[in-house]
Amino acid sequence: MHAPDILVIGGGIAGLSAAAVLSKHARVIVLEAEEQVGYHSSGRSATMLHYALGDRLVRALTLASRPFFDDPPANFSDVPIGRRMPVLVHARDDELEQLDALQAELSQFASLERLDAAGVHQLCPLLRENANHGIADRNGIRLDPHALLQGNLRELRARGGELHTGQRVVTTDRESGVWIVTTGAGGRYSAPILVNAAGSWADELAKSAGVRPLGLEPKRRTIITFDAPPGTELDGLPFAKTVGDELYFAPESGRLFASPMDEVPSEPCDAQPDELEVALAAFRMEERTTVKVERIHSRWAGLRTFTPDHHPAAGFAEEADGFFWLAGQGGFGLQTSPAMAAIVESLIAGSDWRIADVTAAALAPGRFFAQQP
Ligand SMILES: Cc1cc2nc3c(=O)[nH]c(=O)nc-3n(C[C@H](O)[C@H](O)[C@H](O)COP(=O)(O)OP(=O)(O)OC[C@H]3O[C@@H](n4cnc5c(N)ncnc54)[C@H](O)[C@@H]3O)c2cc1C
């Protein structure tokens, strides 16, 4: 029986970033069901850090995460964990009001440039001529999720922590003040604290432990890659997003990628792209840009898992000693991971709270049950 101080369930970005900081204070083991880390949501994202995602609280978590990405700890330095990429939010005339409102909101977090039609097309020549308005943040970051996951893993291991892959947790019981966990591969573990970072499966894991689920909703999102028109200067292109949630695209390994920003409810699963959303991505790309999507090079889908209020949940379950929730990172789990890890460190290890404009109460899992008898 392995008996660390803290067991973290889930080897995605949430689990690994939390484990890395917790290993400063305690013996930590991470259990991951798959043979590799980041197999699910963390390895399938659009990998962008930008402020058009989520709402005020998500933006505050993103802002608080920036110093980490700009100056990562030593164990992250092998490979850059991100590179600068401008973010362009563009709008047609009929979307102008929406763009103005977004600019007012985002300018509290990022330094934005307002662009007219010429400025929009200079930054992104692929857009159709009706993209008349834009806001640009030249300071966006295209993250490298692999480097981020591996950096966290190196931090964990450097402090004596362990990752056990191929260990799908199947039973979770509280006995004599500790959680006893068994895995499908025959592993047995016990720890006083269990961190539930099981991504889309976090509610399932809670139920198996006799803990009330939060009502998490996994939603599928699709990405396609395809060739850019010959002669396109891919290096200078931004991450370009419609002001409404219709389409984003960006350069990707010598090609372009695009998402129709679909949010299709799903069970927790190994998400696969659906033909309808693949076709929608190509359709919206051709509707908003001058690019012809002749041949789709690759496609994938992943789950973005939301709590009922679309804010992440971090904190101990009120009804179950030592059961810590770290779930509901939605579509912003990579870019907020350093701040969320710092929050986990405060709530479990008692370190100072360092995240401005975010309170523990705003993230507490108990908030979903406060109104219920
Ligand atoms: C298409 C798409 C685009 C996105 N774009 C962005 C973006 O631009 N910027 C951004 O910041 N975020 C983005 N996201 C969101 C981001 O990817 C997620 O918020 C983040 O990856 C969630 O991390 P996680 O660790 O909670 O989940 P996961 O990476 O899914 O990790 C959870 C892990 O738990 C494991 N697990 C589950 N149950 C068990 C069990 N019983 N036993 C052991 N292990 C278990 C799973 O195998 C899995 O590896 C995007 C997501 C998608 C799908």
Side-chain angles (χ1 to χ4, degrees), residues 7-19 30-50 52-54 58 61-62 65 69 82 85 87 140-143 145 148-149 152 163-172 181-185 187 189 194-209 216 218-224 239 241 248 250 257-264 266 268-271 273 277 281 299-306 312-313 325-338 340-341:
L7 258 184
V8 175
I9 315 296
I13 192 59
L16 285 179
S17 55
V30 178
L31 300 183
E32 167 53 48
E34 306 292 348
E35 294 300 334
Q36 77 222 49
V37 298
Y39 177 79
H40 290 287
S41 304
S42 300
R44 306 181 187 203
S45 98
T47 73
M48 207 51 217
L49 180 150
H50 66 101
L53 264 170
V58 172
L61 290 169
T62 305
S65 297
F69 294 122
M85 184 179 277
V87 176
I141 305 178
R142 189 80 195 275
L143 299 167
L148 201 51
L149 289 162
N152 279 300
L163 165 72
H164 295 191
T165 54
Q167 300 290 339
R168 183 178 304 279
V169 172
V170 289
T171 67
T172 312
V181 163
T182 65
T183 70
Y189 298 82
L194 182 150
V195 176
N196 177 6
S200 304
W201 289 267
D203 263 356
E204 309 283 312
L205 183 77
K207 282 189 253 174
S208 78
L216 295 171
K219 294 188 174 168
R220 192 178 66 225
R221 177 157 287 183
T222 310
I223 292 185
I224 61 170
F239 175 87
K241 178 189 175 304
Y248 58 65
F257 82 77
S259 172
M261 304 190 71
D262 43 326
E263 293 199 333
V264 182
S266 168
C269 65
D270 185 354
E277 279 81 37
R299 61 194 76 195
W300 69 87
L303 300 179
R304 301 155 75 248
T305 298
F306 294 92
W325 282 98
L326 179 57
Q329 292 83 346
F332 44 81
L334 292 178
Q335 68 181 38
T336 56
S337 59
M340 290 304 294

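In listed order, ligands and their atoms are each counted from 1.
Salt-bridge formation is not detected for the pair Arg220/Glu263: no Lys NZ or Arg NE/NH1/NH2 atom is positioned less than 4.0 Å from an Asp or Glu carboxylate oxygen.
Protein neighbours of ligand 1 below 4.0 Å, counting non-hydrogen atoms: Ile9, Gly10, Gly11, Gly12, Ile13, Ala14, Leu31, Glu32, Ala33, Glu34, His40, Ser41, Ser42, Arg44, Ser45, Ala46, Thr47, Met48, Gln167, Arg168, Val169, Ala197, Ala198, Gly199, Trp201, Arg221, Ile223, Tyr248, Gly302, Leu303, Arg304, Gln329, Gly330, Gly331, Phe332, Gly333, Leu334, Gln335.
Side-chain atoms of Thr336 and Ser65 form no donor-acceptor pair, as typed in the model, at a separation below 3.5 Å.
In this structure, Arg44 satisfies the cation-pi test against Tyr39, with its NZ or CZ atom closer than 6.0 Å to the six-membered ring centre and inside 45 degrees of the ring normal.
Residues satisfying the ring-ring contact (aromatic ring centres under 6.0 Å, His included) test with Tyr248, not counting sequence neighbours, are Phe239.
Using a 4.5 Å cut-off on side-chain heavy atoms (C-beta onward), His50 and Met85 make no contact. With contacts defined as side-chain heavy-atom distances shorter than 4.5 Å, the pair Thr183/Tyr189 qualifies.
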